[in-house]
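Worth saying up front: this structure is predicted, and the values here are computed from it rather than measured.
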Amino acid sequence: MSLLVRSALTSLAPRRCLALSAVRRADQIMPDGVEHATGLEKYELLAKQAGNEDPFFLKAVQRGESTKANPTIIHAMDNYRMVGCVCNEEDTNIKWTWLSEGTPKRCECGYWLELKTHPAPDKYNLPL
């Protein structure tokens, strides 16, 4: 009977006691994301702080007039880019096409697109 009581009491008591105080660490804070980041991530965070919300041109572009004389400008960091066009709002598929610098291209729906290149960040001079 005493073995049964002893095993019941030891199972209720915690086997390891660990106590940490948050007060000891109150003077330490997590570093800012910009201070902690390096390379392309830091380049992106610094660009966002400077007001450029899309430094790598990844967000969708709204079509404008899109005529041959005034095509929709697509930005890229290279002299070519694959672009998807949702020709009609009710379409469930995307029409993909390659754009190259200097030659406007017409989508199947009739909208014109033109590529504008920008210099890419130099991988050897990224912020540390």
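Cluster annotation: Leu40 and Tyr124 are assigned to distinct hydrophobic clusters (Ile/Leu/Val/Met/Phe/Trp/Tyr, side-chain heavy-atom contacts under 4.5 Å, transitive). Met82 and Tyr80 fall within a single hydrophobic cluster, where Ile, Leu, Val, Met, Phe, Trp and Tyr side chains are chained together by heavy-atom contacts under 4.5 Å. Transitive grouping of hydrophobic side chains (ILVMFWY, heavy atoms separated by less than 4.5 Å) brings Met77 and Leu126 into a common cluster. Side-chain heavy atoms closer than 4.5 Å link hydrophobic residues (I, L, V, M, F, W, Y) into clusters, and following such links, even through other members, never connects Leu45 to Tyr43.
Distance check, rounded to the nearest 0.5 Å: CG of Leu99 to CG of Asn79 gives 11.5 Å. Interatomic distance, Asn125 CG to Lys123 NZ, rounded to the nearest 0.5 Å: 12.0 Å. Within the model, atoms OG1 of Thr97 and CZ of Arg81 stand 13.0 Å from one another, a figure rounded to the nearest 0.5 Å. Atoms CD and NZ, from Glu35 and Lys42 in turn, are 8.0 Å apart once rounded to the nearest 0.5 Å.
Between Arg63 and Cys85, some side-chain heavy-atom pair lies under the 4.5 Å cut-off. Using a 4.5 Å heavy-atom cutoff, the side chains of Asn88 and Cys109 are not in contact.
Between His75 and Phe57, the two ring planes are parallel [angle under 30°; tilted spans 30° to 60°].
Counted within 6.0 Å of CD on Glu90, heavy atoms from surrounding residues, nucleotides or ligands total more than 12; the atom is thus considered enclosed. The number of heavy atoms from other shown groups lying within 6.0 Å of OH (Tyr111) does not exceed 12.
Here the side chain of Lys105 pairs a donor or acceptor atom with the backbone of Trp98 at under 3.5 angstrom.
Summarising the geometry of Gly102 relative to Pro104, their closest heavy-atom pair is O-CD, 3.8 Å, with the distance given to 0.1 Å. Across every non-hydrogen atom of Leu115 and Ala76, the tightest pair is CD1-CB, 3.6 Å.
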Kindly indicate, with the supporting measurements, whether the criterion side-chain contact (heavy atoms from CB on, under 4.5 Å) is fulfilled by Lys116 and Ile74. CA-CA 6 Å; Lys116 179 179 179 186; Ile74 306 295; over 6 Å; no
